[in-house]
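Only heavy atoms go into these numbers, but all of them, side chains included; no hydrogens, no water, no symmetry mates. In what follows, every chain begins at residue 1, and chains take the letters A, B, ... in the order their sequences are listed.
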Number of protein chains: 2
Amino acid sequence: MPRSTKHAPERGNARTRLLEAACDVIRAKGFTATSIEDLCRAAEVTKGAFFHHFPSKDALGVAAADHWAETTTAFFAAAPYHAPSDPLDRLLAYIAFRKSIIVGDIADFSCLVGTMVQEVHASAPSIRDACGASMLGHAATLEADIEAAMRDRDILEPGAAASLARHIQAVIQGALVLAKGGNDPALARESLDHLARYVRLLFRSSTTGPQA
Amino acid sequence: MPRSTKHAPERGNARTRLLEAACDVIRAKGFTATSIEDLCRAAEVTKGAFFHHFPSKDALGVAAADHWAETTTAFFAAAPYHAPSDPLDRLLAYIAFRKSIIVGDIADFSCLVGTMVQEVHASAPSIRDACGASMLGHAATLEADIEAAMRDRDILEPGAAASLARHIQAVIQGALVLAKGGNDPALARESLDHLARYVRLLFRSSTTGPQA
DNA sequence: GCACATACCGACCATCTGGTATGTATTTAG
DNA sequence: CTAAATACATACCAGATGGTCGGTATGTGC
């Protein structure tokens, strides 16, 4: 069924190629500066194929953000940081893992949705919402471990786990911004060190807990 | 001298108006999506005036980042957070001040250079460097207080003050990204609460200090 | 085998974009 | 008073951009 004859339309192939090209090109050039022809060239498809799969450039932006959410979810689900048995160790392993992938070319480790949302937050609400859903959805995957770590230390503060999970994402996004400005990945890694230290300090004293 | 007749060219007036318009429009629409005519319309000048003052759009980007650096430097120098006598209190007051200005429309409290650098970090090195200089220059204004706070607690770790200063900027930038994605300023304020808590925890135990 | 949907192609178009060329009013130096 | 420089204004242009449209090839249900 999925394997058709050589000249078959290969349903959805062009669409996937365009989405993957979008992730690469938009991270490097930004959403607005990326033209539809840039995308077609990178994906090796024609403009006709583009508009067959996406009604507009904005629609591609939404689809790219959704695609990003899916691929990153799979990527992080398969990542090794889930191995430790202690939830706090898993959380720290997550931060260490995020730090470990900040190497090489900035465009390669930067975040598609973080980049896009800065540009379109006011002009394209549909893209903005898709980006927000990706970021906050990823943050939510950390909540269980944070909550477990808090429970282990008898910290029961409603909403604190979700809040810390969001903060972790904020630090990662900000670290990428600083790395871009200073043109140096080390600036991002440095911030993740501070983040790890914050988490350790938060969970150090079991009696006080993470409240202000 | 500065006050000339009504129909005088008013030297530099158009330039300043364009720079101020750039800060507003680019924060809302992004650099690439902002056309030169957008800028001229907002500044109420003609295209001729634009290209009289700036040789290209990229040059305006650099000038806008520099202008941003100047105006924010003046703004923060005049801000009330310098009042406390204790350096740690000043640092915490800075974070509280940054939190207090995160209200209203997102474009109004977002950072020009943080927005721009995400878009142009790979395609316009001159703008990227100007943005980086603005961010890191502002971070440097915190170093003295951080260092003093560390000295008060006999913490002597070379580079730690600069590193924390940069981290604070990273968190602020990331908080803005998250606020844009979730379309809610509260998301940014929440991260600044975490940041303040981190700083307090760092300086709580005078013996251990901020090392990892 | 026939109607229909899907997948894709490539020419075309109106508009916008950054940028230029030329002209003009005002200020300033000598 | 003159010459040059400054600070604009206006008309214009070549190329790019998002998007449209008619067409073709292939697969699918009946």
Side-chain angles (χ1 to χ4, degrees), chain A residues 1-22 25-26 28-64 67 116 119-120 123-127, chain B residues 1-22 25-26 28-64 67 116 119-120 123-127:
Chain A
M1 189 85 71
R3 263 306 78 184
S4 43
T5 64
K6 181 169 154 270
H7 275 270
E10 301 192 57
R11 191 192 196 109
N13 192 287
R15 184 188 153 89
T16 305
R17 297 244 300 278
L18 279 166
L19 289 174
E20 271 157 17
V25 183
I26 293 173
K29 301 180 61 170
F31 179 73
T32 312
T34 298
S35 72
I36 291 175
E37 288 194 85
D38 282 341
L39 259 19
C40 293
R41 216 173 301 129
E44 290 180 290
V45 303
T46 62
K47 221 169 179 180
F50 182 97
F51 282 100
H52 171 69
H53 290 288
F54 307 102
S56 68
K57 194 189 175 188
D58 274 17
L60 170 115
V62 174
H67 181 73
M116 268 206 293
E119 279 185 76
V120 303
S123 48
S126 58
I127 302 180
Chain B
M1 188 86 71
R3 259 313 72 186
S4 43
T5 64
K6 184 171 153 264
H7 275 269
E10 302 191 60
R11 193 191 195 107
N13 193 287
R15 183 188 154 90
T16 305
R17 296 244 300 278
L18 279 165
L19 289 174
E20 270 156 20
V25 183
I26 293 174
K29 301 179 62 171
F31 179 74
T32 312
T34 298
S35 72
I36 292 175
E37 288 194 89
D38 282 340
L39 259 19
C40 293
R41 216 174 301 131
E44 291 180 290
V45 302
T46 61
K47 222 170 177 180
F50 182 97
F51 281 99
H52 172 70
H53 289 288
F54 307 102
S56 68
K57 193 190 175 188
D58 274 18
L60 169 113
V62 174
H67 180 74
M116 267 206 294
E119 279 185 76
V120 304
S123 48
S126 57
I127 303 179

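Taking atom CZ of residue B:Arg15 and atom P of nucleotide D:dA7, one finds them 10 Å apart after rounding to whole Å. Between B:Lys29 atom NZ and C:dC16 atom C1' the separation is 12 Å, expressed in whole Å. Following rounding to the nearest Å, B:His53 (NE2) and D:dC8 (C1') show an atom-to-atom distance of 7 Å. Whole-Å rounding puts the A:Asp38 CG to D:dG18 C1' distance at 13 Å. Spacing between atom CZ of A:Phe54 and atom P of C:dT6 amounts to 16 Å, rounded to whole angstrom units. Atom-to-atom, CD of B:Glu37 to P of C:dT15 comes out at 15 Å; the value is rounded to the nearest Å. Taking atom CG on A:Leu60 and atom C1' on D:dT17, their separation rounds to 15 Å, with Å as the unit.
Looking at heavy-atom distances under 4.0 Å, A:Ser35 makes contact with sugar-phosphate atoms alone, never a base. Across all strands, A:Thr34 comes closer than 4.0 Å only to sugar-phosphate atoms, never to a base (heavy-atom distances).
Positionally, the nearest nucleotide of DNA chain D for B:Thr46 lies more toward the 5' end than for the other of B:Thr46 and A:Arg41.
Side-chain nitrogen and oxygen atoms of A:His52 include at least one within less than 4.0 Å of the OP1 or OP2 phosphate oxygen of C:dA7.
At least one test fails for A:Lys57 against the ring of A:Phe50: distance under 6.0 Å to the centre or angle within 45° of the axis.
In this view, A:Ser56 and A:Asp58, A:Ala59 satisfy the side-chain contact (heavy atoms from CB on, under 4.5 Å) rule, not counting sequence neighbours.
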Query raised in the report: Could you walk me through whether A:Phe31 and A:Ile127 pass the side-chain contact (heavy atoms from CB on, under 4.5 Å) check?
Result: CA-CA 10 Å; A:Phe31 179 73; A:Ile127 302 180; 3.8 Å; yes
Review item, nucleotides 19-21 of chain D N/O atoms under 3.5 Å of protein N/O:
| from | atom 1 | to | atom 2 | distance (Å) |
| --- | --- | --- | --- | --- |
| D:dG19 | OP2 | A:Lys57 | N | 2.9 |
| D:dG19 | N7 | A:Lys47 | NZ | 3.3 |
| D:dG19 | O6 | A:Lys47 | NZ | 2.7 |

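To the nearest 0.5 Å, atoms CG (A:Leu18) and NE2 (A:His67) are separated by 10.5 Å. Once rounded to the nearest 0.5 Å, the distance linking CG of B:Leu60 with CD1 of B:Ile26 reads 5.5 Å.
Between the side chain of A:Glu119 and the main chain of A:Thr32, a donor-acceptor pair closer than 3.5 Å is present.
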Please output the side-chain donor-acceptor pairs of residues 40-48 of chain A that fall under 3.5 Å, not counting sequence neighbours, one pair per line with the distance.
| from | atom 1 | to | atom 2 | distance (Å) |
| --- | --- | --- | --- | --- |
| A:Arg41 | NH1 | A:Asp38 | OD1 | 3.4 |
| A:Thr46 | OG1 | A:Ala49 | N | 3.4 |

